[in-house]
Amino acid sequence: MRAGAGVLLGTLVFLAACGAAPKPSPNAEAAPAPASASGPRVVLPSGAVYAVELARTPEEQAQGLMYRESLPPHAGMIFLFTDGGAHRFWMKNTMIPLDIVWLDPQGKVIFVSSNTPPCKSDPCPSYGPQTPAPTVLEIAGGLAAKEGIVVGATVRQVDVPGR
């Protein structure tokens with residue numbers, strides 16, 4: 001009987017290792033995919049890690065997240081400015097609401113525009129502080145509050161060139 005139990009246990013361990021675990025029901029919610037462990041990313045006050053696309057050149061910054069119909073979970077775009085100026089944003093040709101977060105050189109949040117709506121008029125309104133901010137983060141609308149992004153909080157940049 002003991003040898004049979006050992007074979008049965010070994011078979012169960014083998015099947016578990018081969019992925020013979022029960023499949024989740026179709027109604028079960030899938031956990032969001034974690035952000036990439038490499039490449040540019042930000043660590044938000046909540047501890048969540050978001051993969052970010054970089055907007056460094058004037059052309060990349062002008063394009064931003066225009067014409068996107070959605071953003072993947074835990075993703076965004078970070079705008080890297082070197083001119084030391086104030087940078088106001090508009091939502092022309094942007095299809096989804098965004099949370100726009102302005103950061104000082106140490107990553108401290110200095111201004112948040114939450115659920116910034118797509119522009120439906122011409123000219124489009126602009127958003128942002130009048131104070132200089134070398135870095136601006138855009139994520140899907142409504143996530144800043146969920147991730148603890150408020151004025152005074154810190155957003156840490158990882159593998160972001162020059163930061």
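Atoms considered below: every heavy atom in the structure, side chains included; atoms not considered: hydrogens, waters and symmetry mates.
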Would [X] and [Y] show up in the same hydrophobic cluster when neighbours are defined by side-chain heavy atoms closer than 4.5 Å?
X    : Y    : answer
V160 : V155 : yes
L44  : V52  : yes
L103 : I139 : yes

Notebook entry, point to check: Hey, what's the ring geometry for W102 with F89, parallel, tilted or perpendicular (30° and 60° as the breaks)?
Noted result: perpendicular
Is the backbone of [Y] close enough, under 3.5 Å, to the side chain of [X] for a donor and an acceptor to pair up by distance?
X    : Y    : answer
N115 : G142 : yes
E147 : A144 : no
H87  : G85  : yes
T57  : E60  : yes
D99  : G141 : no

Margin query: With a 4.0 Å cut-off on N to O distance, would you call R68 and E53 a salt bridge?
Written below: yes
Shortest non-hydrogen contact between [X] and [Y], atoms and distance:
X    : Y    : answer
Q61  : L80  : NE2-O, 2.9 Å
G64  : F79  : CA-CZ, 3.8 Å
I96  : M91  : O-CE, 3.5 Å
F111 : G128 : CE2-CA, 3.7 Å
A75  : Y50  : N-CD2, 3.4 Å
G148 : A153 : O-CB, 3.8 Å

Do [X] and [Y] come within less than 4.5 Å of each other through their side chains, counting heavy atoms only?
X    : Y    : result
I78  : V42  : yes
T135 : Q157 : yes
P97  : P117 : no

Reported [atom1]-to-[atom2] distance for the pair [X] and [Y], which is rounded to 0.5 angstrom:
X    : Y    : atom1 : atom2 : result
T94  : I100 : OG1   : CD1   : 8.0 Å
M95  : C119 : CE    : SG    : 12.5 Å
M77  : L71  : CE    : CG    : 8.5 Å
L54  : D159 : CG    : CG    : 10.0 Å
N93  : L65  : CG    : CG    : 12.5 Å
S113 : R88  : OG    : CZ    : 9.0 Å

Next item on the list: Check L98, T116, V112 against Y127 for a side-chain contact (heavy atoms from CB on, under 4.5 Å) and give me the one that passes.
Entry: T116
Next item on the list: Would you check, one step at a time, whether the test side-chain contact (heavy atoms from CB on, under 4.5 Å) holds for T131 with D104?
Entry: CA-CA 9 Å; T131 55; D104 75 5; over 6 Å; no
